[in-house]
Enquirer: 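Here you go, one structure.
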Amino acid sequence: MDIGIDGRMDKGATVNVSASHNDTLRSARFRLEREAHWRQLDELVTRAEKGGAATLGYDEVRNLATGYRQAMNSLSVARDISLDRALIAYLESLCARAYLVVYAPQESLGGLMSRLLSHGIPQAVRRSALPLFIGFLALILGALAGYRLCTNDPSWFYTLVPPEMADQRTPDASTDYLRSTIYGDEGHDSDRLAAFSAFLFSHNTTIVILIFTLGVFVSVPSFILTFYNGLILGAFFAMFNQRGLGYDVFAWLSIHGVTELAAIAIACAGGARLGLAVLLPGARTRKEALRHQAHDAVKLAILAALMLVAAAFIEGFLRQLIQDPLWRIVIGWGMGLFWVGWLLLGGRQSKASREAMR
């Protein structure tokens, strides 16, 4: 406070103190008239933040929406008449929290995953007929080519199959040895089964990631990699079939291969969606088309990853523990029916729901 020479307060200082006092009174009166509504809104927002908006009743949700609008109006008035900063900061914080509760999606991680599995992935698959055709075509053509080449000339096996993958299962191996690789009991140690399952998942995941990510290059690398996996499959089947083990190796492949090979084809389909967006963007720019197609492409990649988890468990545990070929076929193709049923039927609206939306 400024004091003059004669000991009296300056007139300007008196005006400032008076204005400050008036602002304080105005802020106090403003708060007193509206604070009850703010406290009610704060309580509702806090409850919704802790348990979700679903924990509020109908009247409480209505009060929440009304309180949010009133708080926004109070914040606007407080800014216009320049009330104290503490009050404005409080209202800004309250309105921001209320906005998230009212407008932001109130869904837990579990809810998001549930919606993805029940609706997102199946619907993305049904929208991807052409990419899925490309993925499965690449795998089937590769398997047919590999089978034909190795049937006509077994030496093609050494060209098509990497030595580390063959693991002594070659045309030079005896029939007894090849049969032992199908029905061997070497995997009954639980620790070895777990390690083997982890290795298979890591190996297959690497392949699927490559197939998916390279699809952006006009789908060609994805198609080639999937085709090559088919070549290896066909080469293996031809070698066992020539030794009279066709049914046995079919059962051996079925228990895990139905899921694993489908995952590879689906990853190729995801990459194909990206590649088709670049190759055929339509009315969109390539950047916009790529962003649009990426939504379903990523869902296909997630599906492929889930299937690989299941395939790694089946291949690392069940295939080693179940030796009967019939049961291997039943389990493998039963899993195939499960995937088909889920992807074809999941996320479909009932007839009553469709009629209600009209």
Side-chain angles (χ1 to χ4, degrees), residues 107 110-144 201 204-205 207-209 211-212 215 219 222-223 226-227 229-230 233 250-251 253-277 280 292-315 318-319 326-358:
E107 195 167 12
L112 289 172
M113 287 302 299
S114 176
R115 184 159 55 86
L116 179 67
L117 295 176
S118 62
H119 290 78
I121 289 177
Q123 290 172 353
V125 168
R126 293 196 294 271
R127 290 191 294 263
S128 306
L130 178 59
L132 286 169
F133 174 78
I134 293 173
F136 281 94
L137 179 65
L139 188 66
I140 292 171
L141 288 179
L144 292 175
F201 176 70
N204 293 334
T205 300
I207 294 175
V208 162
I209 290 174
I211 290 174
F212 175 74
S219 303
S222 294
F223 189 93
T226 307
F227 181 85
N229 275 271
L233 173 66
F250 174 76
L253 288 169
S254 291
I255 191 170
H256 71 281
V258 172
T259 297
E260 181 181 311
L261 296 173
I264 292 174
I266 289 171
C268 180
R273 290 209 68 144
L274 300 178
L276 290 173
L280 303 170
H292 176 72
Q293 294 292 341
H295 294 291
D296 283 348
V298 169
K299 291 172 184 174
L300 293 179
I302 293 173
L303 171 61
L306 293 174
M307 295 177 76
L308 285 182
V309 172
F313 172 79
I314 294 171
E315 188 173 6
L318 297 183
R319 193 188 70 179
L326 180 60
W327 275 110
R328 286 177 168 179
I329 293 173
V330 169
I331 293 173
W333 290 97
M335 285 297 300
L337 289 176
F338 164 76
W339 297 119
V340 170
W342 168 41
L343 297 173
L344 288 182
L345 301 177
R348 291 188 183 275
Q349 291 181 328
S350 64
K351 184 177 180 180
S353 299
R354 291 195 299 269
E355 291 177 351
M357 292 178 64
R358 291 177 182 175

Enquirer: Starting at OG1 of Thr226, measure out to CG of Leu261 and round the result to the nearest 0.5 Å.
Expert: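 One finds 10.5 Å between OG1 of Thr226 and CG of Leu261.
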Enquirer: What closest approach, in Å, do Gly270 and Ala297 show between heavy atoms, and which atom pair accounts for it?
Expert: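 Nearest pair, atom of Gly270 first, then Ala297: O-CB, 3.5 Å.
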Enquirer: May I ask you to decide if the ring planes of Trp339 and Trp342 are parallel, tilted or perpendicular, using 30° and 60° as cut-offs?
Expert: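 Tilted: the ring planes of Trp339 and Trp342 meet at 30° to 60°.
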Enquirer: Any idea which heavy atoms bring Val208 and Ala267 closest together, and the distance?
Expert: CG1-CB, 3.4 Å
Enquirer: Go through Leu276 and Gln293 one step at a time and tell me if the side chain to side chain contact (heavy atoms under 4.5 Å, CB included) criterion holds.
Expert: CA-CA 9 Å; Leu276 290 173; Gln293 294 292 341; over 6 Å; no
Enquirer: Tell me, please, which residues at least two apart from Trp333 pass side chain to side chain donor-acceptor pair (under 3.5 Å).
Expert: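 Here the qualifying residues are Ser254.
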Enquirer: Taking all atoms of both residues into account, what is the closest heavy-atom pair of Ser219 and Gly275, and its distance?
Expert: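 Taking every non-hydrogen atom into account, OG-CA, 3.3 Å.
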Enquirer: To check you understand the geometry: which heavy-atom pair defines the closest contact between Ala310 and Thr259, and what is its length?
Expert: CB-CG2, 4.4 Å
Enquirer: Distance check, rounded to the nearest 0.5 Å: Cys268 atom SG versus Phe223 atom CZ?
Expert: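 Atom-to-atom, Cys268:SG and Phe223:CZ are 7.5 Å apart.
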Enquirer: Less than 4.5 Å apart, side chain to side chain, heavy atoms only: is that true for Lys299 and Leu303?
Expert: no
Enquirer: If only atom types and distance count, is the side chain of Arg328 paired as donor or acceptor with the main-chain N or O of Arg319 below 3.5 Å?
Expert: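 Confirmed, Arg328 side chain pairs with Arg319 backbone.
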Enquirer: In Å, rounded to the nearest 0.5 Å, how long is the span from CG of Leu116 to CG of Leu306?
Expert: 8.0 Å
Enquirer: Between the side chain of Gln123 and the main-chain N/O of Gly347, is any donor-acceptor distance below 3.5 Å?
Expert: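 Yes; judged by distance alone, with no hydrogens or angles, the pair exists.
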Enquirer: Which heavy atom of Val258 sits nearest a heavy atom of Gly336, and at what distance?
Expert: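 That closest heavy-atom pairing would be CG1-CA, 3.7 Å.
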Enquirer: Would you give the length of the straight line joining atom CD1 of Ile331 to atom CD1 of Ile255, rounded to the nearest 0.5 angstrom?
Expert: 4.5 Å
Enquirer: Ignoring hydrogens and angles, write down the donor-acceptor pairs under 3.5 Å from the side chains of residues 124-144, residues two or more places apart or on other chains.
Expert:
| unit_1 | atom_1 | unit_2 | atom_2 | d |
| --- | --- | --- | --- | --- |
| Arg126 | NH1 | Leu343 | O | 2.9 |
| Arg126 | NH1 | Leu344 | O | 3.3 |
| Arg126 | NH1 | Gly346 | O | 2.7 |
| Arg126 | NH2 | Gly346 | O | 2.9 |
| Arg127 | NE | Asp296 | OD2 | 2.9 |
| Arg127 | NH2 | Asp296 | OD1 | 2.8 |
| Ser128 | OG | Ala124 | O | 2.6 |
| Ser128 | OG | Arg273 | NH1 | 2.7 |

